[in-house]
Amino acid sequence: MPELPEVEVVRRGLERWVAGRTVASAEVLHPRAVRRDPGDLPAVLKGRTLRSAERRGKYLWMPLGDGPGDEEPADALLAHLGMSGQLLVVDPAAPEEKHLRVRIRFADDGPELRFVDQRTFGHLLVAPLDPRPARPVPQPITHIAPDPLEEAFDDEEFAVRVRLRRTGIKRALLDQSLISGVGNIYADEALWRARLHWARPTETLTQPKIAELLAAVRAVMTEALGQGGTSFDSLYVNVNGESGYFDRSLAVYGRRDEPCRRCGTPIRREAFMNRSSYSCPKCQPVPKNARP
DNA sequence: GAGGCATCCTGTAAGC
DNA sequence: TGCTTACAGGATGCCT
């Protein structure tokens with residue numbers, strides 16, 4: 001499941017293999033894979049140059065240029081991988097993947113870009129860039145907060161906003177308008193490292209504790225990035241189709257009844273927001289006034 | 001305005 | 001063996 005580290009791995013692949021190339025044609029094979037008007041995508045992309053590969057949280061985008069000029073791009077190809085999306089750079093003659101949703105061919109007749117997505121939670125679209133912020137971002141994601149690996153992320157502001165919330169800390173971590181790029185897996189891992197239960201009321205957290213949690217979020221993401229991301233099956237791969245290995249390093253996620261790596265207590269699984277939370281009963285005791 | 005929950009989707013695994 | 005059900009989860013929209 002792609003979270004920030006996995007998406008960053010994909011971004012680096014796009015920067016290396018796709019940036020600077022001009023689109024010859026685009027083909028939409030599943031309407032749900034493209035937001036707005038799916039019929040428009042081929043016409044809007046044809047002849048445009050994919051300038052570079054940018055990322056905020058779990059969103060990727062490639063600003064679109066009209067030629068060799070150095071004018072500021074006004075729009076971008078925006079992508080979210082959802083649960084199972086993959087952006088693959090493959091030989092045009094390679095057989096079609098079972099869940100191929102969008103195919104983009106280039107004018108240089110080199111490797112093509114394919115959007116493959118089994119569960120169709122991911123999507124592509126072309127959107128205008130909002131030029132107002134210091135770093136232009138596509139308009140559909142202007143409500144997304146910077147991610148903790150960005151320079152623009154403000155630790156103090158994050159702590160203030162978390163303490164103003166009246167909810168559980170894991171809900172806050174998953175709220176992309178507070179902090180982007182954190183999903184269920186890395187939320188559980190960071191909370192374990194910071195010895196916090198997921199239902200801890202946000203208003204009871206001190207500023208130093210929030211700083212410790214942020215450090216844990218950054219540490220787990222940086223380590224995952226170093227190993228090419230997390231993969232439990234073949235659903236997540238980088239642009240060349242290679243899986244990451246970080247799942248071997250997970251301390252709690254998916255380790256129900258296995259011993260905690262700190263104290264040996266069996267890891268518990270609890271239902272949370274129609275999904276799962278994994279934690280250590282001893283290291284992460286249920287708080288008073290828990291907010292599920 | 002903020003918080004919380006159902007919904008979208010498909011493949012896999014478990015249960016009967 | 002074959003069918004049914006539960007589960008996985010990011011973002012959105014709706015309800016309170």
Side-chain angles (χ1 to χ4, degrees), chain A residues 1-8 10 29-36 38 55-61 78-87 97-102 115-125 127 137-145 147 158 160-191 198-204 217 221 224 229-237 243 247 250 252-257 267-278 289-292:
Chain A
M1 300 127 201
E3 296 186 30
L4 187 153
E6 291 78 16
V7 178
E8 174 59 18
V10 174
L29 295 113
H30 191 297
R32 245 182 78 87
V34 176
R35 298 289 158 86
R36 305 275 166 90
R55 182 190 58 74
R56 167 163 283 179
K58 301 170 203 167
Y59 283 93
L60 286 164
W61 70 92
L78 177 64
H80 193 290
L81 302 177
M83 295 287 301
S84 53
Q86 298 170 256
L87 282 166
E97 293 76 8
K98 185 177 178 186
H99 302 291
L100 177 62
R101 308 303 190 196
V102 179
F115 180 59
V116 177
D117 190 8
Q118 175 196 103
R119 294 176 210 172
T120 65
F121 275 33
H123 62 269
L124 305 180
L125 77 158
V137 296
Q139 275 176 358
I141 63 164
T142 50
H143 65 289
I144 300 289
D147 67 58
F158 174 71
V160 169
R161 293 183 67 198
V162 165
R163 282 157 53 83
L164 284 172
R165 289 289 172 102
R166 293 292 178 271
T167 187
I169 184 58
K170 186 169 174 182
R171 278 186 195 276
L173 277 181
L174 296 178
D175 184 339
Q176 305 293 301
S177 68
L178 268 180
I179 178 172
S180 66
V182 183
N184 202 40
I185 299 170
Y186 294 125
D188 279 2
E189 292 300 308
L191 289 167
W198 52 269
R200 174 76 176 265
T202 46
E203 70 271 24
T204 68
V217 169
M221 284 182 167
T230 301
S231 178
F232 298 101
D233 45 38
S234 59
L235 286 180
Y236 163 72
V237 288
S243 295
D247 55 310
L250 294 176
V252 282
Y253 187 85
R255 296 190 62 240
R256 182 183 193 173
D257 296 334
I267 298 299
R268 72 183 152 206
R269 174 194 174 276
E270 294 165 281
F272 165 79
M273 286 172 77
N274 276 341
R275 52 205 67 180
S276 299
S277 264
Y278 296 91
N289 309 317
R291 286 186 196 276

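Residue numbers start from 1 in every chain, and the chains themselves are labelled A, B, ... in the order their sequence lines are given, proteins ahead of strands.
- Distance CD (Gln86(A)) to C1' (dG10(C)): 17 Å, rounded to an integer number of Å.
- Between Asp147(A) and Arg55(A), some side-chain heavy-atom pair lies under the 4.5 Å cut-off.
- Asp175(A) places its CG atom 10 Å from the P atom of dA11(C), with the value rounded to the nearest Å.
- Using a distance-only test at 3.5 Å, with no hydrogens or angles considered, a donor-acceptor pair links the side chain of Arg32(A) to the main chain of Thr120(A).
- Between the C1' atom of dG3(B) and the CZ atom of Arg165(A) lies a distance of 8 Å, rounded to the nearest Å.
- Counting only heavy atoms from C-beta outward, the side chains of Gln86(A) and Val10(A) never approach each other to under 4.5 Å.
- At a threshold of 4.5 Å between non-hydrogen side-chain atoms, the residues Leu81(A) and Lys58(A) do not count as touching.
- Atoms CZ (Arg55(A)) and C1' (dG10(C)) sit 16 Å apart, rounded to a whole Å.
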Discussion item. So if I define the base as every atom that isn't primed, P, OP1 or OP2, how would nucleotides 4-11 of chain B read as a B/S/- string at a heavy-atom cutoff under 4.0 Å?
Written reply: SSSBBBBS

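- No contact: Phe272(A) has no heavy atom under 4.0 Å from any strand.
- Spacing between atom CG of Leu178(A) and atom C1' of dA11(C) amounts to 15 Å, rounded to whole angstrom units.
- Taking atom CD1 of residue Ile141(A) and atom P of nucleotide dA11(C), one finds them 10 Å apart after rounding to whole Å.
- Looking at heavy atoms from C-beta onward, Arg291(A) lies in side-chain contact with Arg166(A) at the 4.5 angstrom threshold.
- A donor-acceptor contact shorter than 3.5 Å is absent between the side chain of Arg165(A) and the backbone of Pro201(A).
- The side chain of His143(A) contributes an N or O atom lying less than 4.0 Å from OP1 or OP2 of dT12(C).
- Atom CZ in Arg161(A) sits about 14 Å away from atom P in dG1(B), given to the nearest Å.
- In this structure, the CG atom of Leu173(A) is 12 Å from the P atom of dG10(C), given to the nearest Å.
- For His80(A), no side-chain nitrogen or oxygen approaches OP1 or OP2 of dG10(C) to under 4.0 Å.
- Panel note: side chain Asp117(A), backbone Gly122(A); a donor-acceptor pair is recorded below 3.5 Å.
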